[in-house]
Amino acid sequence: MAEKVRQEETEVAQYEERKIVILPRHCKGCEICVLLCPASVLEMKDFKAHVARIEDCTECMLCEIRCPDFAIEVYQSGKKGKAK
Amino acid sequence: MTFNYDEYIRPGKLPHIWCPGCAHGIVMKSIIRAIDRVGLEKDKTVIVSGIGCASRMPGYVDFNTLHTTHGRSLAFATGVKMADPELNVIAVAGDGDALAIGGNHFIHTCRRNIDITMIVFNNNIYGMTGGQFSPTTPHGRLASTTPYGNPDYAFDVVELSIGAGASYVSRSTAYHAIPLERQIADGIAHKGFSVIDALCTCPTTYGRRNKLGNATEMLMWFKDNTVGVKAAEKMPPEKLEGKILTGVFKKEEKPEYCDEYAKIIERVSAKG
């Protein structure tokens, strides 16, 4: 898929080919992504979601599918990380 | 691969007005993915809504949309479908909008079996107006208008629509967003009236008053308290107590209203 061109501010975390993009303007800080993540990749920072440990991500997409605010995007690399 | 929602969202409309943790956004994403899965053309798709939290959804999506009067989403949707049966009409409504104010429209559209897909955003409360009890608020639950517990018993959307004669009836939750997407896609592809009961959470006015925890805990409640309708057939009745059944409850082929209407026009005009 072609890379999206965004007008607004984004927070990008990248680990090899895996990429997690957070749109702080959309995030309302409901913590659904942080609490659902089975590998504790995400954390809260300044009342917004923040990618803290991207290398642990298993690319399960739970956070992206259940983010009600269109604020998180996970670009899969196909290589799974190690779940704790 | 991550799904590109931007194609279906009106530019500059996000972030939406829903509260932090409101599951309506999750259902909206499922609807967008379902429309993409079926491959509907944007110009041939109409999304109709009434009034309420759920009914704000058409404002964000880039289809032909109608935001109408309270409870009348199905009345307007029927009009749109009859005017041009080629269009794919999707009606969205909250539980109060669909079952209380629009209750009569709902049962009669079920009976008529017109080719519309109805998605009920069922969060057990009137969220936008301050948490009054709705027809799907469970017995004993607190709302701003039932401060000592709700004396009424709730409507079961699935049983109501089966009884009224809808030809496709299913239920899923915001936690089960992928099955929900599949059911909506199935409902859109089905010829006839489809009702999808999408169970949502309202952490602000329902969860907080009833001490159900934060948005995530309310979502996880769905995970622990729902049973698939096929799995439930093999389970003993005592294990099913207090559980909510999910899945496809009814799918049958029935004569569709627009086709029947066209037949009448053909027959009467042939007589001259």
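Letters go in sequence order (proteins before strands), and every chain restarts at 1.
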Novice: Side chain, backbone, both or neither: which part of B:Leu180 has a non-hydrogen atom closer than 4.5 Å to chain A?
Specialist: neither
Novice: Among residues 204-227 of chain B, which ones touch chain A with a heavy-atom distance under 4.5 Å?
Specialist: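 Residues B:Asn214, B:Ala215, B:Thr216, B:Leu219, B:Met220 are the ones that qualify, each having a heavy atom under 4.5 Å from chain A.
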Novice: Give the C-alpha distance, both sets of side-chain angles, the deciding distance and a yes or no for side chain to side chain contact (heavy atoms under 4.5 Å, CB included) between A:Cys67 and B:Lys29.
Specialist: CA-CA 9 Å; A:Cys67 171; B:Lys29 281 169 117 172; 3.8 Å; yes
Novice: Could you check whether any side-chain heavy atom of A:Phe70 comes within less than 4.5 Å of a side-chain heavy atom of B:Met28, counting everything from C-beta outward?
Specialist: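 Yes; the side chains approach each other to less than 4.5 Å.
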Novice: How far apart are the closest heavy atoms of B:Phe3 and A:Glu64, and which atoms are they?
Specialist: N-OE2, 3.7 Å
Novice: Can you tell me if B:Lys13 has over 12 outside heavy atoms packed within less than 6.0 Å of its NZ?
Specialist: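 No, the 6.0 Å shell around NZ holds no more than 12 heavy atoms from other groups.
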Novice: Should B:Tyr175 and A:Ile65 count as side-chain neighbours, where that means a heavy-atom distance under 4.5 Å?
Specialist: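 Of all side-chain heavy-atom pairs linking A:Ile65 with B:Tyr175, none is under 4.5 Å.
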Novice: Please check if atom CZ in B:Arg56 has more than 12 non-hydrogen atoms from other residues, nucleotides or ligands closer than 6.0 Å.
Specialist: no
Novice: Rounded to the nearest 0.5 Å, how far does CD of A:Glu73 lie from CG of B:Asp6?
Specialist: 6.5 Å
Novice: NZ of B:Lys243: more than 12 outside heavy atoms within 6.0 angstrom?
Specialist: yes
Novice: Any side-chain heavy atom of B:Ile26 within less than 4.5 Å of one from A:Pro68?
Specialist: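 Yes. Closest side-chain heavy atoms under 4.5 Å.
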Novice: Under the 3.5 angstrom rule, does the side chain of A:Lys28 hit a backbone N or O of B:Cys22 as a donor-acceptor pair?
Specialist: no
Novice: Taking all non-hydrogen atoms of both residues into account, name the closest pair between B:Gly21 and A:Cys30 and its distance.
Specialist: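 Closest approach of B:Gly21 to A:Cys30: N-CB, 3.1 Å.
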Novice: Search all heavy atoms of A:Arg66 against all heavy atoms of B:Ala177 and return the closest pair with its distance.
Specialist: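 Looking at all heavy atoms of both residues, the closest pair is NH2-N, 4.4 Å.
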